[in-house]
Amino acid sequence: MFRSLGRFVRKTRRRDASRTWQSFRDAKVINPFSEYQWTSQPYPSYNMPRVARDVRPHRTLKAISHCDEKGWWHILDAQGRDVGKLAAFASRLLQGKHRCDYAPDRVKGDSVIIVNAIHVFFPGHTWVRHCLSSNFFLTLLLCLFQPHLCKDTKIYRFWRNRRTDPRGAKVLTATRLMMLNPSIIISQAVKGMLPNNLLRNNFLRRLYCYPGAIHPHWGMPQVIVPVEKRPEMIPDAFTFEAEVRQSE
């Protein structure tokens, strides 16, 4: 059927979709029932922050709200949340579109605090470097000895002072930006979803993003709370034996 074994191997590689445009670290078999086919993380598991062994067990409340003399505050947990969906939700809170007194030309939104920014989720090939070859060994050699042939799928452009600067924009990849400051990724996503007018900077002043799980705002509740140890035996509110003893 095929004249040579090499041609047969090349044809089978082309049909295997799990071998195309994937990193050599995250090459996985395609699952047709999953929401995202390929997911990755910015760094290997041994370089990602971990929970200490001697720490008390904690749980996340996902999102909580708090009201004080300065208005409403919303504390969001970004661990495992999609960057785009989280930024869209935060932008609506900042603009006040959930309030009955919403006005597009005024700042009537609430303040937003986002924690665990280092554990955000990007679908697909955002974090990893991808080479122009689907071969595992060739991809590994190119990434090691010729990194200029590789490319990242997510980049950020920061203009210095004006668009006509001869140096152009400063280009940073998502992996590099995560190493510098993980909060910038969510801040840039929220900034891109806010209206580009004079009110955008006023909206962004109400956004507080932190890489860790604990925010430093005094008097604000934390979204990461310790797990309460419930008693093993909870007495019943009403029993027949207790009523008989009281009657005696």
Side-chain angles (χ1 to χ4, degrees), residues 23 25-26 35-36 38-52 55-66 70-95 98 109-129 152-158 170-194 200-227:
S23 171
R25 293 178 180 173
D26 304 312
E35 183 178 3
Y36 301 105
W38 300 300
T39 59
S40 58
Q41 56 188 9
Y43 305 105
S45 300
Y46 52 82
N47 285 337
M48 292 294 291
R50 294 185 295 258
V51 180
V55 74
R56 293 177 54 188
H58 285 64
R59 65 186 182 94
T60 175
L61 301 178
K62 300 296 184 181
I64 55 176
S65 299
H66 176 74
K70 294 183 179 180
W72 281 95
W73 296 73
H74 305 278
I75 301 95
L76 310 178
D77 184 12
Q79 185 170 8
R81 299 285 298 272
D82 188 279
V83 175
K85 296 178 182 178
L86 179 63
F89 182 68
S91 64
R92 292 182 61 88
L93 295 177
L94 293 173
Q95 298 177 66
H98 62 291
D110 301 337
S111 302
V112 179
I113 302 174
I114 301 178
V115 298
N116 274 332
I118 198 172
H119 294 290
V120 293
F121 169 74
F122 261 125
H125 302 156
T126 304
W127 300 117
V128 294
R129 299 179 66 88
D152 289 278
T153 57
K154 182 65 176 177
I155 61 173
Y156 294 88
R157 298 180 183 272
F158 296 94
K170 188 175 183 61
V171 179
L172 295 177
T173 62
T175 307
R176 176 65 177 173
L177 202 59
M178 174 63 72
M179 186 184 68
L180 296 177
N181 190 353
S183 303
I184 300 181
I185 292 181
I186 297 183
S187 300
Q188 289 294 320
V190 175
K191 180 180 179 181
M193 295 192 179
L194 291 174
R200 184 168 66 173
N201 290 335
N202 297 326
F203 291 142
L204 290 175
R205 289 191 182 100
R206 296 171 175 257
L207 176 65
Y208 304 89
C209 190
Y210 302 100
I214 305 298
H215 64 77
H217 295 266
W218 183 262
M220 297 288 175
Q222 299 289 344
V223 71
I224 307 295
V225 296
V227 176

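- Residues Val223 and Ala63 share a closest heavy-atom pair of CG2-N, 4.0 Å.
- Applying the side chain to side chain contact (heavy atoms under 4.5 Å, CB included) criterion to Ile214, with sequence neighbours excluded, gives Gln222.
- For the atom pair OG1 of Thr60 and CG of Leu76, the computed distance is 10.0 Å after rounding to the nearest 0.5 Å.
- Among residues two or more places apart in sequence or in another chain, the side chain to side chain contact (heavy atoms under 4.5 Å, CB included) test is passed with Val55 by Val51, Ala52, His58.
- Separating the CD1 atom in Ile113 from the CG atom in Asp77 is a distance of 13.0 Å, to the nearest 0.5 Å.
- To the nearest 0.5 Å, atoms OG (Ser183) and CD1 (Ile118) are separated by 9.0 Å.
- Side-chain atoms of Gln188 never come within 3.5 Å of backbone atoms of Ile184 as a donor-acceptor pair (strictly under, hydrogens ignored).
- Applying the salt bridge (Lys or Arg N to Asp or Glu O under 4.0 Å) test to Asp110 and every residue at least two apart in sequence or in another chain returns Arg99.
- Every residue two or more places apart in sequence or in another chain that forms a side chain to side chain contact (heavy atoms under 4.5 Å, CB included) with Ala87 is listed here: Ala189, Val190, Met193.
- Two residues are said to be in side-chain contact when any heavy atoms from C-beta on lie closer than 4.5 Å; Arg206 and Val112 fail this criterion.
- Contact annotation: the side chain of Asn116 approaches that of Ile224 to within less than 4.5 Å [non-hydrogen atoms, C-beta and beyond].
- Partners of Arg59 by side chain to side chain donor-acceptor pair (under 3.5 Å), not counting sequence neighbours: none found.
- With values rounded to the nearest 0.5 angstrom, Gln79 atom CD is found 12.5 Å from Leu86 atom CG.
- Considering all non-hydrogen atoms of both residues, Gly212 and Val115 come closest at O-CB, 3.4 Å.
- For Arg176, the side chain to side chain contact (heavy atoms under 4.5 Å, CB included) test picks out Leu172, Thr173, Met179, Leu180, with sequence neighbours left out.
- Residues passing the side chain to side chain donor-acceptor pair (under 3.5 Å) test with Arg92, sequence neighbours excluded: none.
- By the ring pair (Phe, Tyr, Trp, His ring centres under 6.0 Å) test, His119 pairs with no residue at all, sequence neighbours left out.
- Residues Ile114 and Leu207 meet the side-chain proximity criterion, which asks for heavy atoms closer than 4.5 Å.
- The nearest pair of heavy atoms linking Gly219 to His66 is O-NE2, 3.7 Å.
- The shortest non-hydrogen separation linking Cys209 to Ala117 is SG-CB, 3.7 Å.
- Applying the ring pair (Phe, Tyr, Trp, His ring centres under 6.0 Å) rule to His217 yields the partners Trp73, Tyr208, Tyr210, His215; only residues at least two apart in sequence or on another chain are considered.
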